[in-house]
Amino acid sequence: MDGGFFSGVVEPIRFGGLHSPDPLTYKVYEPDRLVLGKRMEEHLRIGVCLWHSFAWDGRDMFGIGTLDRPWLDAGRDPMDAAREKMAVAFEFIEKLGVPYYCFHDRDVAPEGASFAEFRSNMDALTEDALGYQERTGARLLWGTANLFTHPRYQAGAATNPDPEVFAYAAAQVRMMLDVTQRLGGTNYVLWGGREGYDTLLNTDLRREGAQLARFLHLVAEHKHRIGFEGTLLIEPKPMEPTKHQYDYDSATVHGFLVRNGLEGEYKLNIEANHATLAGHSFHHEVAYAIANGILGSIDANRGDPQNGWDTDQFPNSVDDLALPLYEILRGGGLTTGGFNFDAKLRRQSSDRDDLFHAHIGGIDALAQGLLAAAAMIEDGRLAELKGARYAGWDGPLGSEILGGSASLADLADRVEAGGIDPRPRSGRQEYLESLVNQQVWAVRSNGAAAREG
Ligand code: XUL
Ligand code: CO
């Protein structure tokens with residue numbers, strides 16, 4: 001496995017243990033380690049995203065590319081360059097030793113001069129991807145269509161004022177559902193990149209909402225027509241690139257699905273940095289989705305608390321990851337979903353190895369968060385205390401209220417007769433927060449350290 005583009009990494013990254021001096025080893029992540037009876041790899045189902053890692057050269061609005069991505073040179077033959085990009089991406093995935101990857105149509109296939117050419121490029125590269133999947137064992141976590149980069153989508157895709165743009169988006173989604181199915185993808189994602197507005201002065205909210213609902217119905221119908229068995233996922237984000245994005249957060253998307261008869265067809269792909277952009281925590285978004293049965297998959301990354309934009313950094317805080325992972329474990333774990341690194345290098349991280357350091361660090365932080373979450377489950381006190389807080393609702397009064405046998409007047413009469421006189425009880429927040437820290441710290445000093453390779 002030596003040589004290749006990442007010639008500094010000659011064999012798959014292995015577990016080295018917490019005190020390993022080798023930066024190109026996992027400190028915590030051990031794919032085969034059992035956590036609550038399940039392999040770590042199966043809990044986390046890590047994916048590499050092709051857009052930030054292979055289809056972006058480090059450019060930002062103030063400067064040109066800084067990263068070493070020769071296949072992105074404009075002068076190259078587009079199909080040759082696309083093939084080189086795919087070869088390097090699979091070399092990376094294999095050397096990193098993770099099971100999944102994700103991509104948009106445009107990340108792998110040149111668009112060419114017409115949609116027919118795009119489709120034929122995509123078909124050829126899908127065949128190549130199938131070959132790589134067979135050789136490396138990597139699998140597709142999800143596919144998606146890029147409905148936001150091309151100028152035709154400047155005013156949105158499904159929510160565009162022009163129905164021809166809607167139709168073009170339909171063509172891309174049909175192509176990518178088909179490709180995702182051919183590659184055995186376990187999910188299909190719709191992120192509404194420009195499904196929103198820049199100004200209300202030119203935006204008809206009623207029409208755009210109806211268009212979006214129609215689009216989502218068409219996608220779900222087509223999924224059933226072709227027999228695609230993966231999960232359809234919507235990725236909430238409140239803003240950026242538009243000033244206001246319709247799929248604002250988990251609760252907004254959930255409400256939209258229910259209002260439009262789409263419940264049961266879609267789940268959510270929750271991204272940590274989108275949660276914080278919406279003014280929530282990642283924990284909140286995950287907990288909301290689980291409470292409503294719509295958690296699908298995760299885009300793992302983080303923002304920077306100093307910045308109010310989508311910095312898409314690799315996750316590195318166990319404190320931020322442990323509680324979302326606790327919710328996921330309590331909710332029964334990810335089924336078709338996984339943790340996709342929708343994260344990008346900093347522009348100055350221009351060595352080839354930096355892509356490994358970024359992913360290794362993120363994966364280890366997730367693995368440590370998983371161990372801490374499992375410790376919270378095994379300890380049991382968090383769940384016990386939450387359960388005890390609501391115990392009254394499982395008793396006679398709670399059952400009568402929820403079962404509908406007590407009217408407002410029945411309840412009022414009982415209170416007036418003096419039979420009901422509730423006393424406030426402590427919510428014990430600081431105690432609970434200390435319990436969480438205790439588990440996070442205990443795993444830090446015992447678990448991982450005791451398992452050094
Ligand atoms: C953009 C974003 C996208 C989606 C896929 O913020 O997260 O990369 O994950 O279109
Ligand atoms: Co994302």
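Counting starts at 1 for both ligands and their atoms, in listed order. Atom set for the values below is all heavy atoms of this structure, side chains included, hydrogens, waters and symmetry mates excluded.
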Heavy atoms of other groups near R59 CZ, more than 12 under 6.0 Å: no
Residue K237 vicinity, atoms of ligand 1 by number, heavy atom under 4.0 Å: 6 (O)
Residue from F339, F92, Y101 passing ring-ring contact (aromatic ring centres under 6.0 Å, His included) with H359: F92
Salt bridge flag under 4.0 Å for residues D354 and R346: no
N/O/S from D312 sitting under 2.8 Å away from the Co ion (ligand 2): no
Sub-3.5 Å N/O-N/O distance, N269 and ligand 1: no
Presence of salt bridge, R45 and E41, under 4.0 angstrom: no
Flag, side chain of D107 to backbone of H104, donor-acceptor distance under 3.5 Å: yes
E271: its N/O/S atom lying closest to the Co ion (ligand 2) (atom name): OE1
D342, N/O/S atom nearest the Co ion (ligand 2): OD2
The Co ion (ligand 2) to E235: nearest N/O/S atom name: OE2
Taking atom 5 (C) of ligand 1 as the reference point, the nearest protein heavy atom with its distance: H104 NE2, 3.3 Å
Pair R83 + D77, salt bridge at N-O below 4.0 Å: no
H274 heavy atom under 4.0 Å from ligand 1: yes
Carboxylate-amine/guanidinium proximity below 4.0 Å for D178 and R174: no
Residue portion contacting ligand 1 (non-hydrogen atoms closer than 4.0 Å) for D312: neither
D299: numbered ligand 1 atoms lying under 4.0 Å from its heavy atoms: 9 (O)
Distance filter under 4.0 Å to D310 heavy atoms, resulting ligand 1 atoms: 6 (O)
Neighbour count above 12 (heavy atom, 6.0 Å) for R214 CZ: yes
Crowding at CD, E134 (>12 non-hydrogen neighbours, <6.0 Å): no
Cationic N near anionic O, under 4.0 Å, R352 to D68: yes
Shortest-distance N/O/S atom, D299 versus the Co ion (ligand 2): OD2
Per atom 7 (O) of ligand 1, closest listed option by heavy atom (Q245, E235, H52): E235
Any N/O pair W142/ligand 1 closer than 3.5 Å: no
Min N/O separation E271 to ligand 1 under 3.5 Å: yes
Heavy-atom gap V189 to ligand 1 smaller than 4.0 Å: no
Numbered atoms of ligand 1 (with element) below 4.0 Å of D342, judged on heavy atoms: 2 (C), 3 (C), 4 (C), 7 (O), 8 (O), 9 (O)
Sidechain N-carboxylate O distance under 4.0 Å for E271, K237: no
